[in-house]
Amino acid sequence: MIKAVKGTRDILPPASGQWAFVETRVRDIFGRYRYAEIRTPVFEESELFRRGVGEETDIVSKEMYTFSDRDGSSITLRPENTASVMRAYIEHRLDQLPGIQKLYYMGPMFRRERPQKGRYRQFHQIGAEVIGSERPEVDGEVITMVFDLLQATGVKDFQILLNSVGCSECRPAFLAKLRDALNSVKSHLCQDCQRRSDANPLRVLDCKVPADQHLINLLPSILDSHCQRCREHFDVVKGMLSDLAIPFIIYPRLVRGLDYYMRTTFEFTQSALGSQNSILGGGRYDGLAAQLGSRVPAPGIGFSIGQDRLMMALEEEFGNRPSVLDVFIAPLGASATRLCSTLAHTLRGGGASVEVGFDAKLKRALELAHKLNARYTLIVGDDEVRSGQYLLKEMSTGSQELVSRQHLLSKLSIATEHGI
RNA sequence: GUGCCCAUAGCUCAGCCGGUAGAGCGCUGGAUUGUGGUUCCAGAUGUCACGGGUUCGAUCCCCGUUGGGCACCCCA
């Protein structure tokens, strides 16, 4: 039997309906913030990610799906979408458009990692980018928007971690201070941290080994190394969130894995997700455009939500909500079946969701209607065909009455909004 | 990529100390004519993940492969 390849999966009903529900909410809420959708290709020239994401990152150094095209060019399945969006921004001169660009996307990304809960080789991200402004107010608005989205979809018990990783002016000084401090304590840290101290000192801050924590807490904080511009920027972001009563935790140890981040970085975590507890991450990347060869400055900030993880966090929320079926039509016999096709079409035209049964046995039809969670079953047999009065049965109560074709729709009192 | 654990019906799982498999749920059919949910009866379904090895004989023991889970690395 051929199966889905390692780390990929099928999203089947009813889960697919839940995914679509979330996507509808995304479009609604992002739309209110005047974001517009951008759809970039699923694969790009490999060079884009090498330059955009960073040669030294794990993503680029060991997780990319890269292959040679027939003309010899190197192609990579996108491991994330920010670089692509920025590429499109530069390529199509979106900087020439009035105002700042606010773009959102959703779709599959690909990384060749070992799969585990909340981590897939094909996974799905919902993200947004604002390009063309370095104002801190934009950062605040972006965070506010994701907060709104999580609230609207019903995610519970999440935390917002906020940090500022400085800029090209103040970060080198911080790194020097950190290296110094690490040199004196690293022999007391865990194996991994000893290695990180040299390879990637920032990562030490991310260590979760309990025994290391008290020493790590004594290490220099990036917050103390901020230059004046970074400090002012961060203050505005924090102030905005406070004004909006959005709870956040200043987490100076938050380091993000992609090279392009500077100043504001953030992450939303949710405890129910297990080890992969990060549901979304984002930050500012004012230098990315230049790295990609843009001649005009294009400061930006963005985030991406792990949709697979978001869905996991919402599992309880969705529970076993039944799918919506307003009417199951049960035709008994050939003439009734023929009539029911037009009847179904009329009801669907009026907004009802309708399924027509094909089993001539009423018992079978009712069984199926029940299993499909139909609100009503419409019984159409020879008697009904003759009289033009159809037997409408309400499944929850079992009560039934004869209704004429004209009155069917109003009798059904179709709910205007079909949730899921 | 590394370590540990796991793989039996569509799903959740049982299967002693090696003798080629079972339950619950679900599914299909029936309990006389056009009435579902509860009930009763009957039935189907398994290359016991795959490939080797040991053995008279392997779902069970051993090795490998594939897939999954957990943790690490890292990240969404």
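Numbered from 1 within each chain, the chains take letters A, B, ... in sequence-line order.
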Looking only at atom C1', what distance separates U59(B) and A21(B), rounded to whole Å?
8 Å
Does the Lys NZ or Arg CZ of Arg78(A) fall within the cation-pi geometry relative to Phe49(A) - under 6.0 Å from the ring centre and within 45° of the axis?
no
Please determine whether a side-chain nitrogen of the Lys or Arg among Lys62(A) and Glu113(A) lies less than 4.0 Å from a carboxylate oxygen of the Asp or Glu.
no
Can you tell me the distance, in whole Å, between the CG atom of Leu372(A) and the P atom of C27(B)?
11 Å
Could you tell me the separation between the NZ atom of Lys117(A) and the C1' atom of A76(B), rounded to a whole number of Å?
16 Å
Quick one: Met311(A) CE to A76(B) C1', roughly how many Å, whole number?
14 Å
Looking at G1(B), does its base get a donor-acceptor pair with the side chain of Glu63(A) below 3.5 Å?
no
Rounded distance in Å between the P positions of U45(B) and G22(B)
12 Å
Hey, does the side-chain of Lys393(A) have a donor or acceptor N/O within less than 3.5 Å of a partner on the base of U35(B)?
yes
For the side chain of Arg111(A) and the base of C74(B), is some donor closer than 3.5 Å to an acceptor across the two?
no
Bracket notation of RNA chain B in which parentheses pair within the strand, [ ] cross earlier pairs, and | pairs with another strand (Watson-Crick or G-U, under 3.5 Å):
(((((((..((((.....[..)))).(((((.......))))).....(((((..]....))))))))))))....
So, OP1 or OP2 of G69(B): does either fall under 4.0 Å of a side-chain N or O from Arg114(A)?
no
Quick check on RNA chain B: between Gly398(A) and Ile279(A), whose nearest nucleotide comes earlier from the 5' end?
Gly398(A)
Regarding U35(B), can its base be found pairing with the side chain of Gln400(A) as donor and acceptor, where the two atoms are less than 3.5 Å apart?
yes
Can a salt bridge be assigned to the pair Asp224(A) and Lys177(A) using a cut-off of 4.0 Å between side-chain N and carboxylate O?
no
